[in-house]
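To keep things clear, I will list the structure first and then write my remarks on it.
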Amino acid sequence: MKLFCIVSMRHKILFFLILKVSVLMGQSNAIDSLEARSADPALRDSLRIEILNDLSREYLFVSTSKAYHYTQEALDLSLRTKSKRGEAHVYRNLASIYFTQELFYESSGYIEKALVLFQQLGDSVGIGNCYITRGHIFRYQEDYKKSMEYQRKAVDIFRSKGLPERLGVSLHNLGEDQMLAGDLVSARATTYEATSILEPLRNLSVLSSCYKVLGMIDFRELKFEEAEKNFKKVLKISDVLGPNSQKVATTQALLFLARLAQKKGQDKEIQYLVRAVQLARENKYGKPLYAAYSQMVDFYSRKNDFSKVTKSLKELVVVQDSALSSLKLDKARLTEAAMKVLRTDLENKKLLVEQELQEQVIQNQRNQILGYVALVLVLISATVFYYQANERRSSMNETLTSQKKIIEEKSIRLEELNEIKIKFFSIVSHDLRSPLTSLKGFVSLFQNNFDSLSKGDIQLMMSALNKELSNTLNLTDNLLTWARSQMQLSEVNPAAVVLNNLIKPLALLYGVMANKKDIQITVLIPEDLTVYADPNQVEFVLRNLMDNAVKFTPRQGVIKIVASQVDSIAIISVENSGKGIHPDAIKHLFTVGKNGRTQGTEGEKGTGLGLVLCKEFIEKNAGTIAVESELGRGSKFTIILPLAE
Ligand code: ADP
């Protein structure tokens with residue numbers, strides 16, 4: 001008690017000091033200053049939103065419609081400038097406005113919205129303020145336990161943040177809740193702390209509410225004189241603040257002062273009630289107005305002034321109606337505001353949907369571009385692959401063509417080999433078999449008629465046998481040479497060959513045979529004419545040509561063997577007189593199996609392989625062989641060979 005008295009004394013002195021200063025400075029209250037600042041056209045948007053929201057708060061218990069008006073302005077500007085902070089304050093204000101109208105559902109919705117935004121912004125002051133409003137909502141529903149819980153949370157935040165004005169306000173709220181909950185001791189201590197903070201700050205509006213709470217505590221504790229002093233302080237502040245006073249507190253103070261006057265039997269009771277009625281009517285405070293008229297009815301009843309009782313009762317009904325219609329009007333305005341907020345909400349959602357759609361479109365376009373890029377890459381790879389495949393195909397084609405060529409060549413070669421094989425067998429079967437058959441015939445004849453054969457017969461038979469055997473041997477030699485050559489077994493070993501060294505011995509050998517037919521052989525070879533060729537093969541060729549020449553030259557005919565040098569080649573010809581070769585036969589003279597073999601002038605047999613081998617050997621030695629012939633005159637075989645260096 002002692003402590004309270006000391007606090008009360010200090011508090012009393014301070015209060016009057018503040019009041020004096022406030023009046024002297026001519027600064028009626030925060031509302032005037034805020035409204036003045038809001039009129040400045042050069043104000044930054046963020047600051048204007050702040051001022052509009054502050055104004056809305058200041059008007060919360062002063063004028064609901066003004067509070068609503070400033071909130072709406074703040075909302076417009078916040079949305080236009082995309083100020084989340086401004087929006088959060090607007091929602092908190094809307095929540096406060098709704099709860100003064102006892103629309104708790106809407107109020108709770110807005111305070112939750114505000115709380116979420118403040119939490120997103122990390123604004124602990126905003127969060128604390130939301131707790132204050134939450135507390136108020138529970139107080140209006142008379143759930144003081146919850147109300148105190150939220151006010152305490154707000155007190156903790158503002159105390160830790162070191163915000164005296166906010167701390168003062170939240171302490172005042174806690175104190176009022178404690179008083180309403182019946183904890184008068186705590187209520188007093190809390191409210192004293194609130195006033196000690198708010199007095200130096202000259203927050204007269206909240207201070208007047210604090211004194212109202214203190215008066216109510218006093219009244220409940222039956223300290224009527226103390227109570228009267230506190231309620232009068234409320235009236236004094238109300239006078240100083242004028243139209244911007246805390247009217248709920250003032251109305252409540254007037255109603256309590258009327259009750260105190262009644263206790264003292266003072267006539268002032270009705271004056272307080274009339275003022276309370278006036279104030280409540282002006283501000284459309286349904287509850288206080290109803291309470292004022294109720295007290296008025298009671299007053300006139302006590303005075304037995306029944307006409308005034310009736311009048312007051314009528315007023316009570318009228319005010320009740322008017323309060324109701326005013327409430328309806330406010331509710332209509334609030335509905336409009338709510339619709340606007342909802343519309344804005346919807347527009348925001350629509351914008352979000354559109355933004356999402358746009359993002360989707362951009363994403364789709366991005367995907368499309370990626371698709372095109374992928375397609376182009378696929379096309380490029382396909383083209384590269386196509387060209388590579390083409391190159392591979394053409395190189396494969398080349399390989400195939402060359403392989404085909406090789407195969408064709410091989411099949412031609414096979415055909416040739418097959419022809420060779422056929423020819424070989426025909427030669428073997430005919431040319432080799434027939435002499436052998438005739439040889440066998442000779443041997444049988446000899447065997448069967450051995451006794452009857454004379455010596456001369458035997459000599460004749462042996463001579464014929466010898467001739468036949470040498471022919472067969474010659475054929476066998478040629479056949480084997482040809483076969484070796486065909487099977488690529490004969491190697492070419494070229495060397496410098498002096499032609500005379502080869503031709504002279506051959507000329508001697510064939511000269512003997514030629515003599516028998518009375519043939520004249522002429523040999524004209526430059527002494528040192530040297531060719532570069534395989535000596536055995538060149539000898540084979542010359543032997544064949546000379547053999548044919550002797551064979552096909554008739555008796556008394558001539559054979560000329562001539563050689564000469566032209567540039568880097570040697571030209572050698574073997575020419576003989578005779579019937580010559582038919583042009584049709586010349587075409588196939590060097591082709592195996594096709595040359596029309598004929599017998600020599602004396603019936604000499606041949607193999608038909610000689611010229612074929614000659615051509616092969618000459619070509620293997622980088623030379624050529626050719627034939628000229630005139631029917632009835634003779635033939636001339638010419639070979640050309642490279643000279644030895
Ligand atoms: P052959 O062992 O039958 O003589 P060749 O291949 O040497 O085999 O000759 C083939 C054929 O060409 C002969 O059978 C002959 O009809 C013809 N011939 C070759 N040389 C002469 C020549 N000097 N005069 C006429 N005909 C010839």
Side-chain angles (χ1 to χ4, degrees), residues 419-420 423-424 426-428 430-435 467-486 503 506-507 509-511 513-514 516-523 537-562 572-620 624-639:
E419 272 180 27
I420 291 160
K423 180 66 189 160
F424 183 81
S426 83
I427 294 166
V428 169
H430 179 261
D431 297 76
L432 206 59
R433 200 175 178 279
S434 48
K467 207 176 170 186
E468 199 68 34
L469 274 172
S470 63
N471 263 341
T472 309
L473 196 64
N474 189 31
L475 173 67
T476 310
D477 278 346
N478 271 355
L479 209 54
L480 287 173
T481 310
W482 173 76
R484 279 176 68 82
S485 148
Q486 289 304 304
I503 293 171
L506 289 174
L509 181 72
Y510 286 100
M513 289 164 69
K516 287 183 185 170
K517 289 175 80 176
D518 208 8
I519 295 167
Q520 191 194 331
I521 296 181
T522 314
V523 179
Q537 290 170 352
V538 177
E539 192 201 339
F540 176 92
V541 172
L542 292 168
R543 188 199 291 269
N544 253 280
L545 293 180
M546 287 163 82
D547 188 71
N548 279 347
V550 174
K551 212 158 57 175
F552 295 104
T553 306
R555 286 183 171 272
Q556 277 107 43
V558 288
I559 293 173
K560 276 188 204 166
I561 303 164
V562 181
I572 310 144
S573 62
V574 179
E575 188 179 354
N576 68 291
S577 58
K579 62 177 182 178
I581 309 165
H582 195 276
D584 291 341
I586 285 181
K587 276 191 252 170
H588 305 292
L589 216 52
F590 301 102
T591 315
V592 70
K594 288 193 176 169
N595 51 0
R597 193 169 27 131
T598 53
Q599 286 190 353
T601 51
E602 309 279 296
E604 303 99 323
K605 288 182 179 170
T607 62
L609 280 172
L611 287 177
V612 175
L613 281 166
C614 288
K615 186 171 191 281
E616 271 195 37
F617 286 154
I618 289 298
E619 284 176 358
K620 274 182 181 174
T624 57
I625 183 166
V627 60
E628 299 162 65
S629 184
E630 200 178 325
L631 285 173
R633 287 192 69 119
S635 314
K636 183 181 177 185
F637 288 83
T638 307
I639 54 171

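For ligands, and for the atoms within them, numbers begin at 1 and follow the listed sequence. This chain uses plain numbering: 1 for the first residue, then up along the sequence.
In this structure, OG1 in T638 is found 11.0 Å from CD1 in I618, a value given to the nearest 0.5 Å. Once rounded to the nearest 0.5 Å, the distance linking CD of E539 with CE of M546 reads 10.0 Å. Here L545 contributes atom CG and Y510 contributes atom OH; the two are 10.0 Å apart, rounded to the nearest 0.5 Å.
For the salt bridge (charged side-chain N to carboxylate O under 4.0 Å, His left out) test, no residue two or more places apart in sequence or in another chain qualifies with K587. Considering only residues two or more places apart in sequence or on other chains, E575 meets the salt bridge (charged side-chain N to carboxylate O under 4.0 Å, His left out) condition with none of them.
When non-hydrogen atoms are compared, ligand 1 lies under 4.0 Å from the backbone of L611 as well as from its side chain. When non-hydrogen atoms are compared, ligand 1 lies under 4.0 Å from the side chain of K551 (C-beta onward) but not from its backbone.
Set against the non-hydrogen atoms of S635, the atoms of ligand 1 under 4.0 Å away are 24 (N), 25 (C). Taking every non-hydrogen atom of N576 and a distance limit under 4.0 Å, the qualifying atoms of ligand 1 come out as 23 (N).
In this structure, of L589, V612, L613, the residue bringing a heavy atom nearest to atom 12 (O) of ligand 1 is L589.
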